[in-house]
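Working notes, structure below.
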Amino acid sequence: MEYDFKAIETKWRQHWQEQGTYAVTEDLQKDKYYVLDMFPYPSGAGLHVGHPLGYIASDVIARYKRQQGYNVLHPQGYDSFGLPAEQYAIQTGQHPAITTERNIARYRQQLDLLGFSYDWSREVRTSSPEYYRWTQWIFARLFEHGYDNGASKAAPIADLVARFAAQGNADLNWSVGEETLMAAGTTLWGSDFDGQFTASQWNDLGDKGQGEILMAYRLAYLADSEVNWCPALGTVLANDEVIGGRSERGGHPVVRKKMRQWMMRITAYADRLISGLEHIDWSDSIKEVQRNWIGKSTGAQLKFAVQHHAGRTVEVFSTRPDTLYGANFLVLAPEHELVADITTPEQKDAVAAYQAETAARSERERMAGDRGVTGCFTGGHALHPLTGAPMPIWIADYVLAGYGTGAVMAVPAGDQRDWEFARHFGLEIPPIFEGHDIESGACGDKSAILCNSGDWSGLSCAEVLPKAIAESTAAGFAEPRVNYRLRDAVFSRQRYWGEPFPICYVDGIPQLIEDEQVLLPEVDAYLPTEDGDPPLARASQWNISRGDRMEFNTMPGWAGSSWYFLRYMDPKNDTSLCSREKSDYWGQVDLYMGGAEHGTGHLLYSRFWTKFLFDLGIIGFDEPFAKMVNQGMILGRSSFVYRVEGTNTFVTFERRKAQRTQRLHVDISMVRNDILDTEAFKAWRPEFADAQFELNEDGEYRCGSEVEKMSKSKYNVENPDDLVERYGADTLRCYEMFLGPLEQAKPWDTQGISGVHGFLRKLTRLYLNAEGQSVITDNAPSPEAERTLHKTIKKVTEDLDRLSWNTVVSALMIGVNELTEQGCHERAVLQPLAAILAPYAPHLAEELWSTAQGAGSVVDAPWPKWDGNKLVESEVRYPVQFNGKVRFQFEVAADLNPKEVEAAVLADPRTSAQLEGREPRKVIVVPGRIINIVG
RNA sequence: GCCCGGAUGGUGGAAUUGGUAGACACGACGGACUUAAAAUCCGUUGGCCCGUAGGGCCGUGCGGGUUCAAGUCCCGCUCCGGGUACCA
């Protein structure tokens with residue numbers, strides 16, 4: 001056998017492992033290149049063919065860069081804290097660490113089969129204490145820092161303490177949790193607290209009071225907030241873990257609930273998270289997702305005095321204060337705190353009924369929204385700040401409590417929702433746009449000219465907007481405001497299998513524990529206590545137990561994954577998370593490969609933590625991933641059988657419509673070229689043991705098929721292990737790349753793999769005969785073979801540089817086809833050929849490299865350079881077009897200039913035959929490409 | 001609704017700055033080898049038309065446009081996939 005892939009792959013895998021081929025160290029003499037895969041959560045199901053797609057693509061680049069002389073960091077690890085292992089633990093009592101360990105072993109086994117160039121000595125696991133020690137450390141720094149908006153960076157809480165002692169919080173420009181501050185302030189100093197406190201007020205507080213005030217400034221803080229509570233999972237979830245009112249994992253219902261939780265003040269970084277997108281090379285769609293998620297909008301916060309309630313105001317946020325003259329009512333969120341105070345006795349019952357109705361409608365229903373217009377008048381009025389006109393105050397559920405101030409000024413002429421609301425309740429719609437028909441709907445056009453708007457009449461909205469903000473601010477009822485949709489992230493999970501917080505409570509105030517690591521304690525069950533405390537409350541034996549009690553929550557899944565790319569640089573360091581020296585050398589990830597589904601979670605949080613660590617000077621860059629590529633999903637091809645209803649008879653695809661049939665998924669392992677192995681099907685499940693079949697004319701049972709998501713339940717999962725067994729890892733690697741553009745979703749079709757396998761075999765025959773002996777010669781290669789080689793090197797190099805993985809395989813196939821035809825067996829061609837094959841088929845390339853007596857390992861074989869001179873041909877063949885249609889091919893010496901080519905082609909008899917006596921009006925010669933004769 | 005992708009043979013796809021559309025594979029069909037099958041090898045393979053060589057017409061979701069030349073650029077649609085939403 002000339003291509004014994006099993007022997008070859010086993011041999012070289014072992015060789016690489018013994019030689020430590022893939023271990024890398026910092027080498028200041030060389031330029032670095034950092035290629036990273038999003039590390040996997042090791043699930044119990046193992047890998048299917050979709051998972052390695054990105055790993056193969058990044059491995060190709062890692063190997064290519066290494067051959068180009070870069071010092072390549074290409075690590076892998078495991079995001080090993082997470083819910084599935086814990087759910088399994090709840091069901092079976094098996095410790096999640098054991099399940100996780102087993103799953104990791106299985107992953108590793110599967111990954112090893114594929115010949116990746118990972119430096120496994122740098123492996124990290126987020127669940128190992130040596131790793132999460134540093135996750136805890138970062139949390140502690142976030143707890144000890146706040147955000148100084150003036151300096152646009154994180155700053156120590158200790159600085160704040162000194163400042164408060166000296167001058168209170170006057171003129172402080174730090175990010176602050178206003179609700180937390182107001183709640184603490186009013187408790188400590190009474191209900192007239194306005195957000196400002198003096199040095200003496202501060203100094204009179206005890207530790208407890210000061211601790212409560214400081215919570216409003218910390219980047220990691222405790223707060224009572226509305227959170228997404230998922231009863232089925234028994235935990236809170238971050239916004240990005242909730243999709244359409246249900247949990248991302250498991251699809252369980254999620255409700256809003258007020259709870260005291262650890263939070264992350266990611267909102268402090270909102271602006272930098274947006275502006276940072278400009279400097280990173282990510283897909284536009286992911287950047288857009290992040291921009292939308294952060295949702296920056298610029299405008300003004302306006303105060304409306306409430307009629308008959310002296311001193312009380314409603315604050316609204318508006319991006320369009322230029323339309324202020326068109327505002328004729330206010331709408332508050334039903335939960336707005338002012339509602340109770342302003343509702344008149346006559347409206348009390350109606351308002352209470354509406355609030356109850358809104359609360360009863362779950363979050364999900366509100367989102368799914370058959371969005372009928374609903375609302376209720378409170379009976380109260382605000383006063384228009386410019387005209388003094390009374391404006392009725394309504395409540396309605398289209399105003400969200402969580403966004404802005406939870407209140408809007410309604411401008412029915414300028415906002416479609418306000419317009420619909422006004423229409424529905426018969427409210428007036430004051431016209432403020434010249435020439436706009438108010439019956440047709442609202443006008444959102446910023447170039448519209450205002451009318452009925454005092455001094456602003458006659459000007460365009462765009463012109464008035466800055467004026468409106470400035471004048472309203474000067475008049476004292478407004479101030480410029482930038483608002484974000486982004487909310488602070490909940491950082492607590494009421495679960496067991498996560499990082500324990502390095503926190504204990506003394507007198508209800510959280511204290512950091514840093515002199516010794518807090519380890520995840522053992523518990524007797526992975527369930528909440530009878531009192532509803534999280535599982536950690538069951539722990540009787542903590543390695544450290546201090547204060548009144550320990551923190552019972554654990555950190556969310558994204559904690560460990562927010563900084564793991566740094567740990568790979570210095571995985572064993574036990575004095576810091578990563579030495580500055582090493583992070584300065586390896587720097588940003590140059591190529592990050594992973595799914596696009598993490599756009600609002602992992603990819604945002606890791607950017608946030610990176611910026612924080614940058615602020616602290618721990619690292620020297622503030623974006624983690626300089627370039628990212630998102631691989632598309634691989635879809636499965638499902639097969640179906642058709643059972644006649646109420647029987648155990650199965651009809652072949654062609655005859656399925658003759659009777660009433662039921663379509664059932666059938667395991668694709670029993671189907672080949674759509675033909676079912678009926679015996680295997682009978683043996684599949686007991687209920688099919690006595691199945692009858694109605695076959696087609698060829699006496700076969702043909703299955704139906706459909707392309708859909710690859711999943712166990714659809715029996716369409718293709719397992720990489722089986723394919724490696726049948727064709728070898730090199731074939732699988734090439735084939736996954738050959739399927740099509742990496743970013744696109746594409747169906748998996750195993751039938752095509754034989755073509756790629758055949759290519760590798762054909763390639764092998766250039767080097768070895770049927771007996772496995774070398775047929776390589778030291779003769780000088782033919783000019784044709786050299787041209788083929790250099791053409792292929794050029795194409796492969798250029799395609800890899802533009803990350804066009806799929807076309808590289810085609811280019812190699814073309815090269816091998818040509819060399820086979822040419823009967824090429826020369827070392828001078830076959831050595832470089834093995835070198836450019838190496839990123840795709842490393843095992844075979846290593847074997848052939850050694851056959852061709854290449855020096856050392858092909859892994860370090862210098863990347864060949866193409867020689868332009870070898871590509872030059874003496875003749876050029878031009879397609880000749882007449883009026884845009886190709887009529888014949890024209891061979892001409894390559895060194896002619898366009899004028900000479902034109903003269904030559906016009907002299908050709910075929911030209912006069914085409915022209916039939918007409919004079920050519922114009923002749924276009926594109927050198928080396930095409931000739932077009934118009935006439 | 002909004003945002004982002006996409007649509008090319010029976011299938012996956014190629015065509016990088018506008019320059020021979022369908023490379024490279026799969027599948028299908030025909031042939032060689034074989035008692036037979038598998039494997040392997042060779043040939044044909046976008047559609048239509050005349051045909052002996054060879055040649056003609058049509059063709060990249062649809063309708064327009066720009067250009068000597070359009071899968072590629074512009075305008076207007078259709079369909080499919082993904083994301084997202086009372087965000088003021």
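So you know, we letter chains A, B, ... as the sequences are listed, proteins then strands, and number each from 1.
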Here the distance between atom P of C57(B) and atom CG of Asn883(A), to the nearest Å, is 12 Å
Please give the nucleotide sitting opposite C68(B) as a Watson-Crick or G-U wobble pair, both distances under 3.5 Å, or none.
-> G19(B)
Flag the pair Arg802(A) and Glu798(A) as a salt bridge only when some basic side-chain nitrogen lies within less than 4.0 angstrom of an acidic carboxylate oxygen.
-> no
Using the glycosidic torsion, which applies to G9(B): syn (within 90° of 0) or anti (everything else)?
-> syn
So what does Phe738(A) touch, heavy atoms closer than 4.0 Å: a base, only the sugar-phosphate, or nothing?
-> base
Are any side-chain N or O atoms of His384(A) and backbone N or O atoms of Leu324(A), one a donor and one an acceptor, separated by less than 3.5 Å?
-> yes
When the C1' atoms of G18(B) and A70(B) are considered, how many whole Å apart are they?
-> 6 Å
G22(B) and U35(B), which share atom name P, separated by this distance in whole Å = 42 Å
Under 3.5 Å, is there a donor-acceptor pair between the side chain of Asp799(A) and the main chain of Ser804(A)?
-> no
Can the ring centres of Phe738(A) and Trp805(A) be said to be less than 6.0 Å apart?
-> no
How is Gln889(A) classified with respect to the nucleic acid when contacts are heavy atoms under 4.0 Å: base, sugar-phosphate, or nothing?
-> base
Just name whichever nucleotide pairs with U78(B), Watson-Crick or G-U, keeping both distances under 3.5 Å, else none.
-> A7(B)
C1' atoms of C29(B) and U11(B), separation to the nearest Å = 16 Å
Taken to the nearest whole Å, CG/Leu915(A) to C1'/C68(B) is 14 Å
May I ask you to evaluate whether Lys746(A) reaches the phosphate of G12(B), defined as a side-chain N or O under 4.0 Å from OP1 or OP2?
-> no
What nucleotide, of G12(B), G19(B), A88(B), holds the atom closest to the side chain of Val399(A)?
-> A88(B)
Counterpart base for C33(B), defined by Watson-Crick or G-U wobble contacts under 3.5 Å = none
Rounding to a whole Å, what distance do you find between Leu332(A):CG and A88(B):C1'?
-> 13 Å
Could you tell me whether Tyr398(A) and Phe421(A) have their ring centroids closer than 6.0 angstrom?
-> yes
Who is the Watson-Crick or G-U wobble partner of U45(B), with both distances under 3.5 Å?
-> G27(B)
Between Arg417(A) and C87(B), is there a side-chain N or O to OP1/OP2 distance below 4.0 Å?
-> yes
C1' atoms of A25(B) and U34(B), separation to the nearest Å | 28 Å
Checking all strands, does Ser285(A) fall into the base, sugar-phosphate, or nothing category for heavy-atom contacts under 4.0 angstrom?
-> sugar-phosphate
Can you tell me how far C1' in G64(B) sits from the matching atom in A15(B), rounded to whole Å?
-> 25 Å
Is the distance from OP1 or OP2 of C24(B) to the nearest side-chain N or O of Asn817(A) less than 4.0 Å?
-> no
C68(B), A88(B), A14(B): which one has an atom nearest the side-chain heavy atoms of Asn806(A)?
-> A14(B)
Could you work out which one of A88(B), U20(B), C24(B) sits closest to the side chain of Tyr403(A)?
-> A88(B)
Run the salt-bridge test on Arg423(A) and Glu420(A) with the 4.0 Å N-O cut-off and return the result as yes or no.
-> no
Contact under 4.0 Å: Arg485(A) side-chain N or O vs U84(B) OP1/OP2 = no
For Asp284(A) and for Arg320(A), find the nucleotide of RNA chain B with the closest heavy atom, then tell me which residue's nucleotide is more 5'.
-> Asp284(A)
Closest nucleotide among G19(B), A88(B), A15(B) to the Ser297(A) side chain = A88(B)
Is there a donor and acceptor pair closer than 3.5 Å between the side chain of Asp397(A) and the base of C86(B)?
-> yes
Name the nucleic acid region contacted by Val926(A), choosing base, sugar-phosphate or nothing; use a 4.0 angstrom heavy-atom cut-off, strictly under.
-> base
When all nucleic acid strands are considered with a 4.0 Å heavy-atom cut-off, which category describes Ile924(A): base, sugar-phosphate, or nothing?
-> base
Can you tell me the pairing partner of C87(B) across any strand shown, Watson-Crick or G-U wobble, with both distances under 3.5 angstrom?
-> none
Do the non-hydrogen side-chain atoms of Gln881(A) and Ile930(A) ever get within less than 4.5 Å of each other?
-> yes
Student check: side-chain heavy atoms of Val314(A) and Val316(A) closer than 4.5 Å | yes
Counting side-chain heavy atoms from C-beta on, which of C86(B), G13(B), C26(B) comes nearest to Leu400(A)?
-> C86(B)
RNA chain B: Val289(A) or Ile931(A), which has the more 5' nearest nucleotide?
-> Ile931(A)
Report yes or no: is there a donor-acceptor pair, N or O only, under 3.5 Å between the side chain of Lys885(A) and the base of U20(B)?
-> no
Provide the Watson-Crick or G-U wobble partner of A38(B), both distances under 3.5 Å; none if there is no partner.
-> none
Given C41(B), A15(B), G13(B), the nucleotide with the shortest approach to the side chain of Pro741(A) = G13(B)
Just call it for Asn932(A): base, sugar-phosphate, or nothing, with non-hydrogen atoms closer than 4.0 Å on any strand.
-> base
Distance between the P atoms of U66(B) and C74(B), in whole angstroms?
-> 15 Å
P gap between G30(B) and G83(B), integer Å | 45 Å
Out of A88(B), C41(B), A14(B), which nucleotide sits closest to the side chain of Phe317(A)?
-> A88(B)
Given G27(B), C3(B), C24(B), which nucleotide is nearest the side-chain atoms of Glu288(A)?
-> C3(B)
Phe759(A) CZ to U40(B) C1': how many Å, rounded?
-> 19 Å
So, do Phe317(A) and Leu302(A) sit near enough that their side-chain heavy atoms are less than 4.5 Å apart?
-> no
Of the listed nucleotides U20(B), G83(B), G13(B), the one nearest the side chain of Ile930(A) = U20(B)
Quick one: label Val934(A) by what it contacts on the DNA or RNA (base, sugar-phosphate, nothing), any heavy atom closer than 4.0 Å.
-> sugar-phosphate
Is the phosphate of G82(B), meaning OP1 or OP2, less than 4.0 Å from a side-chain N or O of Gln744(A)?
-> no
Answer with base, sugar-phosphate or nothing: what part of the nucleic acid does Arg887(A) contact at a heavy-atom distance below 4.0 Å?
-> sugar-phosphate
How is Arg291(A) classified with respect to the nucleic acid when contacts are heavy atoms under 4.0 Å: base, sugar-phosphate, or nothing?
-> nothing
Quick one: Glu821(A) CD to C24(B) P, roughly how many Å, whole number?
-> 11 Å
Quantified in whole Å, what is the P atom distance between nucleotide G71(B) and nucleotide C33(B)?
-> 45 Å
